[in-house]
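Worksheet: the structure to be examined is printed underneath.
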Amino acid sequence: MDFGKIEKKWQKIWYKEGIYKSAGWRNGKPKKFYVLDMFPYPSGEGLHVGHPRGYIATDVSARYKTMNGYGVLHPMGWDAFGLPAENYALKHKIHPKIAVSKNIKRFKEQLSKFGFTYDWDKEINTTDPEYYKWTQWIFLKMFENGLVYESREPIIWCPSCRTSLALEDLENGGCERCGSAVEKKPLRQWVLKMTAYAEKLLDGLKSLDWPEPIKEQQKNWIGKSEGTTIKFKLTTNNQRPTTEYIEVFTTRLDTIFGCTYLVVAPEHPLIKNYELRIKNYGEVKKYINQAGKKTDLMRTDLAKEKTGIEIKGIKAINPFNNEEVPIFVADYVLGGYGTGAVMAVPAHDERDFEFAKKYNLPIKEVIIPNRIDKRNPPVSGKKTEERKNVHALVRNPKNNKFLCLKSKKFLWITFPMGGIERDEDVVDAARREVEEETGYKNLKLVRVLGGEVRAEYFAKHKNENRVAYTTGVLFDLINEEKSPVEKEWEDEHELMWINESDVNCETMCHAEMDVWLKRIKGEEQACTEDGVLINSKDFTGLESEVAREKMAAWLIKNKIGNKKINYKMRDWVFARQRYWGEPFPLVYCEACAEKIKSGKYKKGEFTKGELMNPGWVQISEKDLPVKLPNVKSYEPSGTGESPLVNIKEWVNARCPKCKGLGKRETNTMPQWAGSNWYYIAYLIKKGKKYEWDKKEIKKWLPVDLYVGGVEHATRHLLYARFWHKFLYDIGEVSTNEPFKKLMNQGLILAEDGRKMSKRWKNVVNPDDIIKVFGADAIRLYEMFMGPFGQSIAWNTDGIKGVSRFLDRVWKLSQKLDNKSREENKKLDGLINKTIKKVTEDIEEFRFNTAISALMILANEMEKYPQLSITNYQLLIKLLSPFAPFLTEEIWRKVLGKKKSIHLEKWPKYDTKLIVENKFKLIIQINGKFRDSIEAGKGVSEEEIKKLALNSEKIKTLVGNGKIKRVIYVKDRLINIVL
RNA sequence: GCCCGGGUGGCGGAACUGGUUAUACGCGAAGGACUUAAAAUCCUUUGUUCGCAAGGACAUGUGGGUUCGACUCCCACCCCGGGCACCA
């Protein structure tokens, strides 16, 4: 069979028949299915074998859904703006426009060979002016609605790419693209207020059928945290409090009584504002300068070691206890998050703890762990007794065993323990208890295991509930010398030494056990869990969660604080200083700027965005697109400005408002701009001009299935959701999420296990594979090689397997015989099982097992001398989404059908035929397989038992053994327990 | 450090909500058939180990546990991949 020839032939016929036109597919179909690939960046290197993995999967889905009666839209396009295209063009000294169109041509050729169902009428290209007209239009809408602002804050700058970066574009604190260390540089930027959508973006995740890890990643990226702001009044030079204050943000208001100092970020305004009153201003300034010099990369590297310096001369007052605490400046506090200042609670925050240790600052414990004994939980209705306890953990250093007591009556194992008497020292109490209960009297104190732990439990022996505040004390045994122990006690308790490994939460009957374990081995640590408050005045005894509520209420009442929600996510730096991107549809006009600043303008004369950014005037919609001009040199200017600044005739433009002279914005949009909405662009009405087509948008959105790599989890997928939600809010789209279901494909690695790259010379070109094995084989192999979501190494040998399979399927057509229907009845069970399996597997993206099921069926069919056409047709149909060429050839050429197999109905299975009435009964003895026999389904347990026990093998194995128990799993197995 | 995902034969990988002898399907390897020969194709074998054999023992990262029965559940640990990076 010459697959090269049949591939070409069918490709042509399909095109002529237009079977993949979504319009045609959609006509009269009651259900739609919009299946989308992440469109490629047409790089100069062409496709490698890894790229099409996702495309094949969507293609299988598209074909499967079509056969199931859906109207399917499956488009493809090109994401062609951005740095790589520009760098490629610079390197090869050709205009990016030309390079891009060349690359696209090559990509399209390569893709076409796979026989995808793409409707090429819908093809789009982000660099087409008719396309980016609408990118600009959406930007204008955002601008108009006040979601865009100009910023001169220091932004992240990559000196090698000579462009600004968004926070998301960093990798290990360096530039994602070139890996070089980034700097902070103050540059004029456009920023999109993505934070305004933080809550919506977070909330929307709930409704999405996306892989949980991706949702989790987005959730973490958005990083919502609910807390409180608190104003700490300032005092200077030990004078009375001023009216000025410093505001901090915390999520652990419950720990505020443990606050022993405050820390502000180096950028905090306090420092400048208080220059004169800060006694060590010189030192502080020096520290800040040093911190400012650290790039993000260094800051990350040095993250382990915290640095800081006290701001002398000013102190802050904790509003809850009026204590004065010192203020530090340290770069572990971030200027851009919360209020740029924190209250430090070293006892309950790891970072503060580390800092406090280093600088010898007081650590005050205000939260103690709280445990409810799961084995002996408090019983309602019983009285509750509160007491202070001590647990004595006595270790024998010779063998590392621990001293325990087993109650003969209650069978529980405990450490020597008891109540602390009034004014008694904990260590003394522990020694006393050990001596009283076990007799051992020579103990060496190792250390007290931290503070108290609160625990609630039911004390059986006293028939009352207990709330115990317990301290653990660790001793080493010096020698075996003992005092006598009370007779009565000794009768009821067994003394035992337990191995270190057995001192765990299971054997020991203490709710506090996990805390002791942590404290026994670990060095001192901050306890960051929620618990019960101590040393917190009126709030003492409350649980953390309750305390936070009550304390917040108190703050609000006294107007010294408020509840506050913060997000880690930042606004999106949406400007690049490069040539190859969408120009901003904005003109700067001095006259308009003056007008706005003076306030002498009419209502409605300027848009919200124009007022927010005085002087920047929107190009009117009818003048879009603002075309990217041709330039002689599109090298970055190096000054931090785009090369566009040098094209005077383009830069100088009339102000759209007052017609005075103005200047165009010369930054361009980042690569993500075009890819933010391309799934909508496929629905645009095309002609000489592209027209926004609300009807078509309403018809097709949302995307039902979106397939692409995980690497876009926090960027493309978040940006696109942001734009979509905005478009929804202004009524341009009718769904509030763009992508209903998302599937991630795993990477295909090179045969050496590394990423495929020109650099390693390990790239496999699909063209070569198709030439040797055919398009069907590569499609089938990529779906068969492993679970779709998992990264996997390419193995050209593996493709032989699927290629042989296709050959065998082809050969099966040589023994077709309509008369063999009766004979083939035996296949019914397997065929129906296979239909079920393949159907379900395609739905769930388990292509590898679907193909395996098809192989099993084909293998079975081979055993028959003749094969009925009906059965063969079923196999071919099931295979058709994976191998469109071969199956079409068989369908039309061999079976002589007129219409394409790809427009056929998907086979249905008959459950009745799957169910067999016999099964192989597995007989186990003590859970081990011993024999199997045929048995009828639905036979009673008694009969099965008889059958099993009558088996010769079982008879001999059971012998004289006594049968303790028989476990019978219906229609599966029987297990005889001896 | 924190958060995800994952560890099964020489390799890629199967195994439903704990239950039809773990390793389906494919690759590779070994032997055989066809051939002058090779390729292709077809047939057989293929987890490890003990045994002449019948048959047994051991095997799903490691160590424990729950269960009549564990790849599947629980606890502890080790390793690999990805994400985040002091977010108070």
Inset, instruction - Indicate whether OP1 or OP2 belonging to B:A88 is found under 4.0 Å from a side-chain N or O atom of A:R252. - result: no
Inset, instruction - Test for a donor-acceptor pair under 3.5 Å between the base of B:C86 and the side chain of A:K306, counting only N and O atoms. - result: yes
Inset, instruction - Would you indicate which nucleotide in B:C4, B:G26, B:G28 comes nearest to any side-chain atom of A:P213? - result: B:C4
Inset, instruction - Consider the side chain of A:K811, meaning its heavy atoms from C-beta on, and name the nucleotide among B:G12, B:U41, B:C68 that approaches it most closely. - result: B:U41
Legend entry - Integer-rounded Å distance: B:C75 P and A:D514 CG: 13 Å
Inset, instruction - State the pairing partner of B:A70; accept Watson-Crick or G-U wobble contacts with both distances under 3.5 Å, and report none otherwise. - result: none
Inset, instruction - Name the closest nucleotide to the A:D797 side chain, picking from B:G28, B:C68, B:G12. - result: B:G28
Inset, instruction - For the residue pair A:T849 and A:D841, confirm or rule out a side-chain donor-acceptor distance under 3.5 Å. - result: yes
Between the protein and nucleotides 77-82 of chain B, are there any N/O to N/O pairs under 3.5 Å, and if so, what are the atom names and distances?
none

Inset, instruction - Just compare B:G19, B:G26, B:U20 and give me whichever is closest to any side-chain atom of A:I922. - result: B:U20
Inset, instruction - With the side chain counted from C-beta on, respond yes when A:M743 and A:F845 share a heavy-atom pair under 4.5 Å apart, and no when they do not. - result: yes
Legend entry - Proximal nucleotide (of B:U20, B:A88, B:G12) relative to the A:F784 side chain: B:G12
Legend entry - Pairing partner of B:C86 (Watson-Crick or G-U wobble, both distances under 3.5 Å): none
Legend entry - Euclidean distance, atom CD of residue A:Q814 to atom P of B:C42 [Å, nearest integer]: 13 Å
Legend entry - Partner nucleotide of B:A57 by Watson-Crick or wobble geometry (both distances under 3.5 Å): B:U48
Inset, instruction - Compute the ring centroids of A:Y781 and A:W794, then answer whether they are less than 6.0 Å apart. - result: yes
Inset, instruction - Just compare B:A15, B:C84, B:G13 and give me whichever is closest to any side-chain atom of A:P787. - result: B:G13
Inset, instruction - Measure from NZ or CZ of A:K231 to the centre of the six-membered ring of A:Y245 and say whether it is under 6.0 Å with the direction within 45° of the ring axis. - result: yes
Inset, instruction - Provide the Watson-Crick or G-U wobble partner of B:C11, both distances under 3.5 Å; none if there is no partner. - result: B:G26
Inset, instruction - Determine which nucleotide pairs with B:U21, using a 3.5 Å limit on both distances of a Watson-Crick or G-U wobble pair. - result: none
Inset, instruction - Identify which nucleotide among B:A88, B:C68, B:A57 has an atom closest to any side-chain atom of A:T251, counting heavy atoms from C-beta outward. - result: B:A88
Inset, instruction - Can you tell me the distance, in whole Å, between the CG atom of A:L973 and the P atom of B:C68? - result: 15 Å
Inset, instruction - I would like to know whether A:D331 and A:K306 meet salt bridge (charged side-chain N to carboxylate O under 4.0 Å, His left out); could you show each step before the answer? - result: CA-CA 8 Å; A:D331 65 1; A:K306 290 194 176 27; over 6 Å; no
Inset, instruction - May I have all residue pairs that pass salt bridge (Lys or Arg N to Asp or Glu O under 4.0 Å) and include part of residues 787-800 of chain A, sequence neighbours excluded? - result: A:D797-A:K800
Legend entry - Ring centroid separation A:F320 to A:F257 under 6.0 Å: yes
Inset, instruction - Starting from P on B:A88, measure out to NZ on A:K564 and report it in whole angstrom. - result: 12 Å
Legend entry - Whole-angstrom distance between B:C80 and B:A30, as gauged at atom P: 34 Å
Inset, instruction - Ignoring backbone atoms, establish whether A:R804 has a side-chain N or O less than 4.0 Å from OP1 or OP2 of B:U41. - result: yes
Legend entry - Contact under 4.0 Å: A:N848 side-chain N or O vs B:G12 OP1/OP2: no
Inset, instruction - Quickly work out the A:L718 CG to B:G83 C1' distance and round it to whole Å. - result: 14 Å
Inset, instruction - Give a yes or no on whether the backbone of A:E862 and the side-chain of A:K815 come within a donor-acceptor separation of less than 3.5 Å. - result: yes
Legend entry - Whole angstrom value for the distance that separates P of B:U21 from CG of A:L921: 12 Å
Inset, instruction - May I ask you to evaluate whether A:Q790 reaches the phosphate of B:G13, defined as a side-chain N or O under 4.0 Å from OP1 or OP2? - result: yes
Inset, instruction - Please state whether the phosphate of B:G26, meaning OP1 or OP2, lies under 4.0 angstrom from any side-chain nitrogen or oxygen of A:R808. - result: yes
Inset, instruction - Rounded to whole angstrom, note down the C1' distance from B:U8 over to B:G1. - result: 31 Å
Legend entry - Separation between the P atoms of B:C25 and B:G31, rounded to whole Å: 23 Å
Inset, instruction - Take A:S225 and A:Y567, measure what side-chain hydrogen bond (donor to acceptor under 3.5 Å, both in side chains) needs, and give me the verdict at the end. - result: CA-CA 6 Å; A:S225 63; A:Y567 300 92; over 6 Å; no
Inset, instruction - Look at A:K800 and B:G28 and indicate whether a side-chain polar atom (N or O) is within less than 4.0 Å of OP1 or OP2. - result: yes
Legend entry - Euclidean distance for P, B:A85 against B:C68 (whole angstrom): 49 Å
Legend entry - Chi class for B:G9: syn within 90° of 0, otherwise anti: syn
Legend entry - Whole-Å P distance, B:U23 and B:U48: 14 Å
Legend entry - Whole-Å gap separating P (B:C25) and NZ (A:K837): 13 Å
Legend entry - Pairing partner (Watson-Crick or G-U wobble, both distances under 3.5 angstrom) of B:G81: B:C4
Inset, instruction - Check the side chains of A:R519 and A:Q525 for a donor-acceptor pair under 3.5 angstrom, ignoring hydrogens and angles. - result: no
Legend entry - Phosphate-side-chain proximity, A:Y332 and B:A88, N/O vs OP1/OP2 below 4.0 Å: no
Inset, instruction - Among the candidates B:C84, B:C25, B:C86, find the nucleotide nearest to the side-chain atoms of A:D331. - result: B:C86
Inset, instruction - Hey, which sits more toward the 5' end of RNA chain B by its nearest nucleotide, A:E212 or A:E350? - result: A:E350
Inset, instruction - Can you tell me, in whole Å, how much space there is between the C1' of B:G9 and that of B:U60? - result: 10 Å
Inset, instruction - Please examine the side chains of A:L555 and A:I230, heavy atoms only from C-beta on, and report whether any two atoms are closer than 4.5 Å. - result: yes
Inset, instruction - Could you tell me whether the side chain of A:N975 has a donor or acceptor atom within less than 3.5 Å of a complementary atom in the base of B:C68? - result: yes
Legend entry - Ring centres under 6.0 angstrom apart (A:F784, A:F805): no
Inset, instruction - From the options B:G19, B:C3, B:A14, select the nucleotide whose nearest atom is closest to the side chain of A:E216. - result: B:C3
Legend entry - Phosphate OP1/OP2 of B:C25: any A:R846 side-chain N/O under 4.0 Å: no
Legend entry - Out of B:C3, B:A88, B:A24, whichever nucleotide has its closest atom nearest the side chain of A:I856: B:A24
Inset, instruction - Select base, sugar-phosphate, or nothing to describe what A:V977 touches, counting heavy atoms under 4.0 Å on all strands. - result: sugar-phosphate
Legend entry - Whole-Å distance separating the CD atom of A:Q218 from the C1' atom of B:C4: 14 Å
Legend entry - Spacing of the C1' atoms in B:A39 and B:U46 (rounded, Å): 24 Å
Inset, instruction - Sticking with atom P, work out how far B:A29 lies from B:G18, rounded to a whole angstrom. - result: 40 Å
Legend entry - 5'-most by nearest nucleotide on RNA chain B - A:R965 or A:M855: A:M855
Inset, instruction - Give a yes/no answer on whether the side chain of A:N859 brings an N or O atom under 4.0 Å of OP1 or OP2 in B:A24. - result: no
